[in-house]
Structures are given as structure tokens and as C-alpha cells.
J.: 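First, the structure itself, so that you have it in front of you.
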There are 2 protein chains.
Amino acid sequence: MSLRKEILEVSRSMLIEKGFGKMSMRKIAAAANVSATSIYLHFKNKDELLLALMEDSIAQLAEALSNSINGNGDALYKLETLADTFLRFALERPQEYEIIYMVRPEEMPKFPKDKFQHIRKVYEMLADIIEEGRQQGQLDVDDPLVSAYTLWAQLHGIVSVILSRRLDTRIARDKFIEQAKDQIIQGFITQKTPV
Amino acid sequence: MSLRKEILEVSRSMLIEKGFGKMSMRKIAAAANVSATSIYLHFKNKDELLLALMEDSIAQLAEALSNSINGNGDALYKLETLADTFLRFALERPQEYEIIYMVRPEEMPKFPKDKFQHIRKVYEMLADIIEEGRQQGQLDVDDPLVSAYTLWAQLHGIVSVILSRRLDTRIARDKFIEQAKDQIIQGFITQKTPV
DNA sequence: AAAGATAGGTTAACAGTGTTAAGTAGATAG
DNA sequence: CTATCTACTTAACACTGTTAACCTATCTTT
């Protein structure tokens, strides 16, 4: 196996086991039985390594999302399913979620296109679903792509509050998630205001 | 002025000017004309210093929110005003926002109650407004306190996506904010489904 | 085959980090 | 006048990311 791959593997498992904060170049190197400087032969710096991990996690999340909607159901159902899958992914694999959405490689180049192809595809898939729902009069949105990002941002907000331990201890986590999900979805549904 | 206060002031301006990443104990100490170890006489460690800054920023945010709804308007109007104020605070003072919602003091004790009194008050105020809206049939929510946290989480999601530069470059920031705000608020509004 | 370039690794070092242990000058108290 | 306490200091430890310089085996070119 190439050293590059090995570095990626050990850093990923280190990330998952110990969390992002305890990942250091030297520890990664030690785990791969190699000197710390060797990492720099394969990655420009720590941020680039992080981006590579990110790319991979994004691909996995994108796949989980794609798989969860296997064609059947109407737009609304699909939206709910996607929201569920997203929340489950985030809460079951918090460390991986973290590097996708919470870690900030310093001065992260604004959306380096190539690295974010996968997640862009997800947004576009989502936008398509929203558009479908709009045409069927089920959803009430303005710009579908913007709506896709909005939905995602809202879900991220929910996850973020939980993962960063900012949720009031008086509130049960599951109840919070359920209610939040309902409320978010409801924001997309066409209002049937009686004339 | 007490050294404790001076340390807080220096670190706050350092935080605002250079950002969280470039804040170090030694730099703070140098800016306060004191040795690095002196900080430890006033704060247990860096996290405690961070928490103190956090506490302060939270108080400011809480005040901005309280001030923005000066009694008049119905529940829905108040909700919109609060959302506006929150978003403005976050986007105008990103560094301060960051320490409130994004920085994670390692192993942050789950909501150390005393330090979060202010923000809890805000949530309760928000819950009251939501309850008021429910009683007037304007809002459709289950548990008002949970809804308060949900609203906040959603808004945080929007801010978070922008501040961590994860927003698609094709999407105009202002458009995103406006549409997101509308969608979030709509999630709270009573659906008038015709029978 | 000899010579040179290259790929892939090394060790040593720099400049920085949070944090602790031990020591010190000055005010205060008995 | 001595002892204690307070607020600070210097020195040091054990880390961090990163770079410079060096080594060695393999591949390419003459």
C-alpha cells in the first residue's frame, strides 16, 4: 500500500477514535511507522491532509444520502428521508461529520471546486427534488438551489448545537431532533391559506 | 485596573482583530506587559479564559436581542425581529459570534449553568414569545422551549454555513439569508389546512 | 557500464504552543 | 523584627507544525 494511503487511513482512524483535537502530524507519523517529515512528501501541510480526509468523508456522506432515496416516494417523502439520513450520519459518526462541517482549515480557499464536487452533486440532487415538489404544488419555495442550501444549513444547525454540547440539559435530545425536523420540513410546505 | 480585567480586554481585542486561531497565552501576556504565567494566576487555563470571554459576548448578544424587541408588535413580528438581530450580530461581529457558538473549549462541561444564565434567559424569553403566538393561534408548535432552541439552531446553521465559507459561490449571500429567514419563520406558522 | 537525476525517505533544528515548578520582591500581620 | 501572604517572575517540560539539509536506492541518459 502506498504511504499516502496509509497516512490517510491512520489519520482517519485516529480522528474517529481520539477526535480531531488530538490528531498531530507526529502521532500520525508514528502510527504509520515513519518520520513526521515524510507526511510532507505526500501532503503540502496539515490543512491539505485535512482536506483529503474531508473529501473522503464527504464522498461517504454523499453516498449515504444518494442510497437512502431509492427512487420511490414523492418529493416530500424524499426530503424527509434525506433529512433523516443526514441526521443519523452526523450523530452516529460525529468525528467524521466534524471534519466535513466544523473543522476550518485556516483560510480555507472558498470552496475549491474539485474537492467539493461530491457535495455539490448532493445539493443539486436536493434542488431537483425540491423543484419536483414545487411543480407538484407540494412545496413552496423560491429558488430551489438556495432552498437546498437552506435545508442543509438548518439541519447542520441542529446537529451543531448537539455536537458542540450547547443544548439545554432540560431538553431531551431525541425530542429536540424530532421537533426540529418537523419544523424544518414544515418551512418548505405550501401554505394552504384560505381566501 | 485589575490585571484580570486587562487580560480580558487584551484578549478580546486580539480575538476581534486577529481571530481566534491567532490567540495565544504568550501573545496575550505580551500585550498586557506581563509574563505568560501571570495569566494562570487569574484563569485556570486557556479554556477558562475562553469561557470568560464567551460569557461576556453572550451577555452582549443577549442584550442586543432584548433591546431589539421593545414590547411592541405581535409574536410573529417579534420573532422576525429577533431573527434579524441575531443574524446581524453574527455577521457583523463574526469573531465574537464564533466564540459563543463555534469555539469548543475542549471537553466543555455540559452547559455550566452559572456561565450560561444570560443565554438561558434569552431562550426563555423566546419561549414566552412563542407561547404567546401559540395562544393567539398564530404559531403552531409543540413545546415552546424546544421550539426556541430549534429556531436558534436553525439560525445558527445559516450563520455557520456563511462564516465557515461553505456556501456555494453561485449563491448570493443576501439572497440566501433572506430566503432562509423566511423559510425558518414559515416553519413556525400555523398551517391553515382547509378541511 | 558510468554518470546524473529523481523519488522517497531520514535527522536536526526552528519557532511556536499550553502549562507547571520553583523562586523572588514587596506589602501585611503578629 | 520576623513570618506569612500576594502577585508576580524565570526556567523548564513536553508538545506542536514546518523547513533545511542530507542520505540512499532506483531509473534514465550518455
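In what follows, every chain begins at residue 1, and chains take the letters A, B, ... in the order their sequences are listed.
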J.: Could you check Val161(A), Leu163(A), Leu155(A), Ile162(A) and say which one makes a side-chain contact (heavy atoms from CB on, under 4.5 Å) with Val159(A)?
T.: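 Result for side-chain contact (heavy atoms from CB on, under 4.5 Å) with Val159(A): Leu163(A).
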J.: So does Ser38(A) reach the base of dT10(C) with its side chain, donor to acceptor, closer than 3.5 Å?
T.: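 No such pair is found, so the answer is no.
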J.: Rounded to whole angstroms, how far apart are OH on Tyr40(A) and C1' on dT10(C)?
T.: 15 Å
J.: Below 4.0 Å from chain B heavy atoms, what is the first contacting nucleotide of DNA chain D and what is the last?
T.: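 The contact span of chain B on DNA chain D goes from dC8(D) to dA12(D).
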J.: Which residue, Asn33(A) or Ala36(B), contacts DNA chain C at a nucleotide closer to its 5' end, judged by nearest heavy atom?
T.: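 Comparing both residues, the 5'-ward one is Asn33(A).
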J.: Let me know the distance between NE2 of His42(A) and C1' of dG8(C), rounded to the nearest Å.
T.: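 Checked: the NE2 to C1' distance equals 7 Å.
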J.: With a 4.0 Å cut-off on heavy atoms, is Lys27(A) in touch with a base, just the backbone sugar-phosphate, or nothing at all?
T.: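 The answer is sugar-phosphate, as Lys27(A) gets under 4.0 Å only of primed atoms, P, OP1 or OP2.
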J.: Would you indicate, yes or no, if dT10(C) has its OP1 or OP2 atom less than 4.0 angstrom from a side-chain nitrogen or oxygen of Ser35(A)?
T.: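 Looking at the OP1 and OP2 atoms of dT10(C), one of them is under 4.0 Å from a side-chain N or O of Ser35(A).
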J.: For Arg166(A) versus Tyr149(B), what's the shortest heavy-atom pair and its separation?
T.: O-CE2, 3.9 Å
J.: From the list dA12(C), dA13(C), dG9(C), which nucleotide is the closest neighbour of the side chain of Arg26(A)?
T.: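 Ranking dA12(C), dA13(C), dG9(C) by closest atom to the Arg26(A) side chain puts dA13(C) first.
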J.: Quick one: does Leu8(B)'s side chain get under 4.5 Å of Phe43(B)'s, heavy atoms only?
T.: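 SC-SC contact between Leu8(B) and Phe43(B) confirmed.
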J.: How close or far is atom P of dT20(C) from atom CZ of Phe43(B), stated in whole angstroms?
T.: 16 Å
J.: Distance check: side-chain N/O of Ser24(B) vs OP1/OP2 of dT17(C), anything under 4.0 Å?
T.: yes
J.: Starting at CE of Met25(A) and ending at P of dT17(C), how long is that distance when rounded to a whole Å?
T.: 19 Å
J.: Could you pull out all residues at least two apart from Ser13(B) that satisfy side-chain contact (heavy atoms from CB on, under 4.5 Å)?
T.: Glu17(B)
J.: CD1 of Ile130(A) to CD of Glu124(A): how many Å apart, nearest 0.5 Å?
T.: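 Reported value, rounded in 0.5 Å steps: 12.0 Å.
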J.: How many Å lie between NZ on Lys22(B) and P on dT17(C), as a whole number?
T.: 11 Å
J.: Roughly, in whole Å, what's the span from CG in Leu41(B) to C1' in dA22(C)?
T.: 13 Å
J.: Hey, are the side chains of Tyr97(B) and His156(B) touching, using non-hydrogen atoms and a 4.5 Å cut-off?
T.: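 Yes, their side chains come closer than 4.5 Å.
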J.: What's the shortest heavy-atom distance between Asp142(B) and Arg134(B), and which atoms?
T.: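 That would be O-NH1, 2.7 Å.
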